[in-house]
Amino acid sequence: MKVGVITFPGSLDDGDAARAVALAGGDAVRLWHADADLRGVDAVVLPGGFSYGDYLRCGAIARFAPVMEPLVDAAKGGLPVLGICNGFQVLCESHLLPGALIRNDHRKFVCRDQGLRIESASTVWTSAYDVGQEIVAPLKNGEGGYVADDATLDALEAEGRVVARYLGDNPNGSYRAIAGVANDRGNVVGLMPHPEHAVEDLTGPSTDGLGFFTSVLKGLVGV
Amino acid sequence: MARVVVDVMLKPEILDPQGKAVHQALPRLGYDGIAAVRQGKRFELEVEGEVTEERLAQIRGAAETLLSNPVIEDFTVRVEEA
Amino acid sequence: MARVVVDVMLKPEILDPQGKAVHQALPRLGYDGIAAVRQGKRFELEVEGEVTEERLAQIRGAAETLLSNPVIEDFTVRVEEA
Amino acid sequence: MSETVKHAEATPETEQPYRELGLKDDEYQRIREILGRRPTSAELAMYSVMWSEHCSYKSSKVHLRQFGDKAPETDAMLVGIGENAGVVDIGQGWAVTFKVESHNHPSYVEPYQGAATGVGGIVRDIMSMGARPVAVMDPLRFGPADAADTRRVLPGVVAGIGGYGNCLGLPNIGGEVVFDPSYAGNPLVNALCVGVVRHEDIKLAFASGSGNLIVLFGAATGGDGIGGVSVLASETFDDAHPTKRPAVQVGDPFMEKVLIECCLDVFAADLVVGIQDLGGAGLSCATSELASAGDGGMTVWLDRVPLRDSSLAPEEILMSESQERMCAVVEPAKLDAFLEICATWDVLATVIGEVDGSGRLTVQWHGDTIVDVPPRSVAHDGPVYERPYARPSWQDALQANDPSSLARPATGDELRATVLDLVAAPNLASKSWVTDQYDRYVLGNTVLAQPEDAGVVRVDETTHLGVALATDGNGRFAKLDPYAGAQLALSEAYRNVAVSGALPLAVTDCLNFGSPEDPDVMWQFAEATRGLADACLELGVPVTGGNVSFYNQTGDVAINPTPVVGVLGVVDDVRRRVSIGFGAEGESVVLLGETRDELGGSEWAHHVHGHLGGLPPRVDLTAERALGRLMAEAAGGSLVSAAHDLSDGGLVQTLVEMALRRGIGATVTVEGDSFVALLSESVARAVVAVPADRVDDLLARASAHGVPATVIGRTGGDALVVEGAFAIGLAELRTAHEGTLPALFR
Ligand SMILES: Nc1ncnc2c1ncn2[C@@H]1O[C@H](COP(=O)(O)OP(=O)(O)O)[C@@H](O)[C@H]1O
Ligand SMILES: [Mg+2]
């Protein structure tokens, strides 16, 4: 199964995402922001980082990269897409996911091992987890505060599209402690924490993050 | 060369951590009587040639798609008299 | 309740990576004819009561010490007519 | 229009503002002799900045020589001092380059940007060796934690280091945060970067091969950091007023990130002959160093340099310290490929010059020659001072005022209170408020990071080869005895690397001192360098490079002399790394090393009594080395499940940190005076946790290495218990230890 990992200028965790895909048993295919097509991949990961420096708004400029055109179409057609951190921000800016991510309420960059509760196992990226399962993964962001209007938030909750929530004290001021959300079909998921940094005991706080990558691969085999 | 200014502010209902921080810091520095502070962005665009209506419309387009995120922000566009 | 606006911009001679990023993105979105972009901060202060000269002087003080760093930034303070 | 060489020849008598540019009369005369005429304004600008303390090391050179002269025998050193950074062989065809540098003064003026550009500068140094940067560290020093100015400087500095380093995608794996009144008004912001490179890919900064091209790539050039030189600009302008020049440089981490990727692609495709970063003195430094290290001469067409500010005069372009720029020497046949890679990354690249056989560095400005000099005379043959130095008159009194007179806690309850007070002291409290603002995960190879003793990064994912790094420095010790103080800094960094399971290999240092024109300070510097060189020789770890920062003072009061030492070690298998945290209940707690009554300059004397006097702990490099050997064996044989060195705050601080790391307590018994046992800062000591079935083995090996080893207790429970003295619950310890910085900086 081929999982594409897009590199924008300023992407940082693209290598980690590719490593995670490989550890989960998939083939990582590197995609470039200027690519005109997705080179036939079966799923795509938008990695963390500071695309184009994120000086304007996180993800605001990356959203207009050439590769985003085929990606947005494919995503609307059901292609599994996972946006991690900066990737989540890009997905929101592209309106593939509702809401937006703003400056952490404490106004500092935060890097810590974060407890999470999986709230939905019915997305293609979380099928390997159980609802209510608690996991630990690194969280590292300066603009990770998830915001949306109440109507949107209520809809997300009602439709089971809140994918993960922060445990313990809210690390960035996200509304309703939301750490990740999905689109209505459950093929597009955005996540602030970094599962790709929780795939090896040696380098991560846990290996809890692998599930996101095994989930999609399992789903793809099913296809 | 004319200058067009685009101001982008978070929508009132979105919490503004930076504005809040400034607001809390003011009294500590002895500045009182400020009821609220919001922090936003100011863009100064230097436009070649003069600013036609159509040019302004273009810039509004850029303000809406690039300079601001309509989900959380409002913007205003105005020509700045030198 | 009156509103005082403080605009803070990097001094012209100082590198402005943010403005640069926006400036480079515009043509890619098909917006041409913009010679330069600078990005700064806009603070909206809601002032209780009316804005006396002394109150304005106070706010200028805050702008100089808290809202901007005079080493790299310039600021302007103005009362915004509602 | 800038002054031409012809014009300078024609007008030998013209007065020149060399004093304003910081040149002494004799230095100006030397320039005239070298050139056989008066310099042009551009030449004057070049010499003045290249012969400055910062670029020429004129006050420190004679002392730094010892690092070469006394260098220990080692075949690990692939590239030594003098290059942008030293390169060390770590085996399997891998090499590592690392260096620490200071950005103290800019960080005081504009904490965020000053610190940010400090990180940017050291990262480019590492790239200029052909290496991929893999991690950064940031040893920091501030005034009193509760001082108003510290509240201005520290948050900005930390945000700047994080803002820049995080955006580059380089994990921050360690550093220091130290508070002391002597740094009020002069914080120390040092930044370290480490990079890895295959042996065959090591690059050097030299321009050889006539016809090869000089390519400037990265950011456009603005008027950043050209300060005094504008004096000249104004002279060469018809209007006598220099245009405004920024006092502070603003960093563009995104530019630097693409510059890194661009360089790595260029290296991978083997497209450069030599490469050089642009740091202090900008193009003046880069071109003259490239040329003088090369075999020929060089011509630079200065008018081709892309500008951010079109009003810049040639002198200013030569001086500009605009960030995020590099200079490459490229064979003409490879130019297109080079430019293509730059284009892929949207990196501006311009051919600005050419290597030639002239043996001269000439700079052209719109067809006129404005610089024509022997490159060596600019880059390498700067002035060398033998600054006068003498043992300060106050040194004896300082050493005589030892801490024996200070009131010590007498009862168990007093000791308990002292311990709670100390674990919350700004210098000993948890640094999480700082380190949580740094990405330590990016790149996915961070095996250990703060709050561990050393940062450990995996270099090779298949063989598990890795490196360990720690930085240390204690200005109080160095004030009491600069010779010993520098050795103690090395001794502690060496220990930190060793206890995490690595074999110490090499050293980098950042020497932060006051004014070299003050004989007291110069003595401190001479003593510190001598001490460090001697200790490096004895421990067998060569200094591969570093940085000197003088004039760290407020008014004429100098900071505590602060040699910051970084030690690099190699870990053959990072899976064997040892953490500081107790990992399991019921393991034996073993104290390694010998404890003496040594509290001079200790954190206890400083925090509890505000006292600085007496002598620092006795240096014992033989014991340090033995401990290192034992720890390497212990890690290799998995004899220990946790290990933590003893340093500031002594045994009790170490036990607290080991217990809090994973929330497993311990009960210990200490011999003799429990105050001394718990708070003395004697060197060459560590605490290890040992599984029951490994204790005998460990003790046996310890005695084989001549390392005193005592089983002092067991891990377990949710308190730290010192038999016969006190018990403190972990929760209470955690509150005290972790509450301090957040309360101060919010
Ligand atoms: N400014 C900093 N940046 C990164 N890590 C830091 C910084 N300051 C302290 N640390 C980390 O916090 C831990 C404790 O620091 P310190 O007590 O100075 O260590 P040690 O006493 O072993 O030298 C170490 O892992 C150190 O690397
Ligand atoms: Mg240590």
Side-chain angles (χ1 to χ4, degrees), chain A residues 51-65 68-69 72 86 88-110 141-156 170-178 181 183 190, chain B residues 3-29 31 34-48 54-80:
Chain A
S51 53
Y52 303 91
D54 279 347
Y55 295 132
L56 174 57
R57 272 186 330 280
C58 297
I61 295 179
R63 167 207 170 178
F64 293 102
M68 288 304 291
E69 272 187 38
V72 169
N86 193 229
F88 187 8
Q89 293 157 337
V90 174
L91 292 176
C92 288
E93 285 282 337
S94 325
H95 309 303
L96 284 172
L97 291 174
L101 293 138
I102 64 168
R103 193 85 184 275
N104 297 348
D105 58 354
H106 48 76
R107 298 173 353 273
K108 298 191 303 294
F109 187 94
V110 60
N141 63 70
E143 304 192 9
Y146 183 75
V147 299
D149 56 46
D150 288 330
T152 309
L153 293 170
D154 293 339
L156 285 172
N170 194 323
N172 49 26
S174 292
Y175 289 4
R176 306 192 191 180
I178 290 174
V181 300
N183 67 345
Chain B
R3 166 176 298 174
V4 176
V5 174
V6 180
D7 289 322
V8 176
M9 302 296 294
L10 283 167
K11 291 183 189 293
E13 66 269 23
I14 302 284
L15 126 169
D16 168 15
Q18 289 159 301
K20 190 157 136 269
V22 172
H23 187 222
Q24 287 165 347
L26 285 169
R28 268 186 273 121
L29 299 175
Y31 304 110
I34 306 294
V37 180
R38 307 278 295 172
Q39 177 175 340
K41 305 190 189 108
R42 172 188 169 90
F43 300 90
E44 295 180 351
L45 286 68
E46 308 301 333
V47 179
E48 287 160 2
E54 167 223 17
R55 171 55 61 83
L56 261 183
Q58 260 208 349
I59 293 179
R60 274 196 208 87
E64 193 165 355
T65 50
L66 178 69
L67 301 183
S68 78
N69 175 352
V71 178
I72 48 170
E73 296 168 319
D74 300 321
F75 67 89
T76 63
V77 175
R78 65 177 192 283
V79 183
E80 194 169 78

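Naming: A, B, ... by sequence-line order, numbering from 1 per chain. Values in this document were obtained by computation on a predicted structure and should not be read as measured data.
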| task | Using non-hydrogen atoms and a 4.5 Å limit, figure out which bit of B:K20 sits close to chain A: side chain, backbone, both or neither. | result |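 It is neither, since no heavy atom gets under 4.5 Å.
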| query | Side chain, backbone, both or neither: which part of B:Q18 has a non-hydrogen atom closer than 4.5 Å to chain A? | reply |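 Contact with chain A is through both the backbone and side chain of B:Q18.
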| query | Out of curiosity, A:D150 CG to B:E13 CD, how far, rounded to the nearest 0.5 Å? | reply |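 The CD atom of B:E13 is 9.5 Å from CG of A:D150, to the nearest 0.5 Å.
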| Among residues 64-75 of chain B, which ones touch chain A with a heavy-atom distance under 4.5 Å? |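 The residues closer than 4.5 Å to chain A, in numerical order, are B:T65, B:L66, B:L67, B:S68, B:N69, B:V71, B:I72, B:E73.
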| query | With sequence neighbours left out, what residues match B:R42 under salt bridge (Lys or Arg N to Asp or Glu O under 4.0 Å)? | reply |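 Partners of B:R42 under the salt bridge (Lys or Arg N to Asp or Glu O under 4.0 Å) test: B:E44, B:E80, C:D7.
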| task | Using non-hydrogen atoms and a 4.5 Å limit, figure out which bit of A:I102 sits close to chain B: side chain, backbone, both or neither. | result |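 The side chain, not the backbone.
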| said: Using a 4.5 Å heavy-atom cutoff, which residues in residues 90-99 of chain A come close to chain B? | reply: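 Interface residues of residues 90-99 of chain A: A:E93, A:H95, A:G99.
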| Between A:R57, A:R107, A:R63, which shows the greatest number of heavy-atom pairs under 4.5 Å with chain B? |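 Counting heavy-atom pairs under 4.5 Å, the top option is A:R57.
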| message | Listing request: all side-chain hydrogen bond (donor to acceptor under 3.5 Å, both in side chains) pairs with a residue in residues 96-105 of chain A, at least two apart in sequence or in separate chains. | response |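 Only A:N104-A:N141 qualify under side-chain hydrogen bond (donor to acceptor under 3.5 Å, both in side chains).
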| Contact summary for B:L15 and A:Y175, nearest pair of heavy atoms |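 Looks like N-OH, 3.3 Å.
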| query | Is atom CD of A:E69 surrounded by more than 12 heavy atoms (other residues, nucleotides or ligands) closer than 6.0 Å? | reply |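 No, not enclosed.
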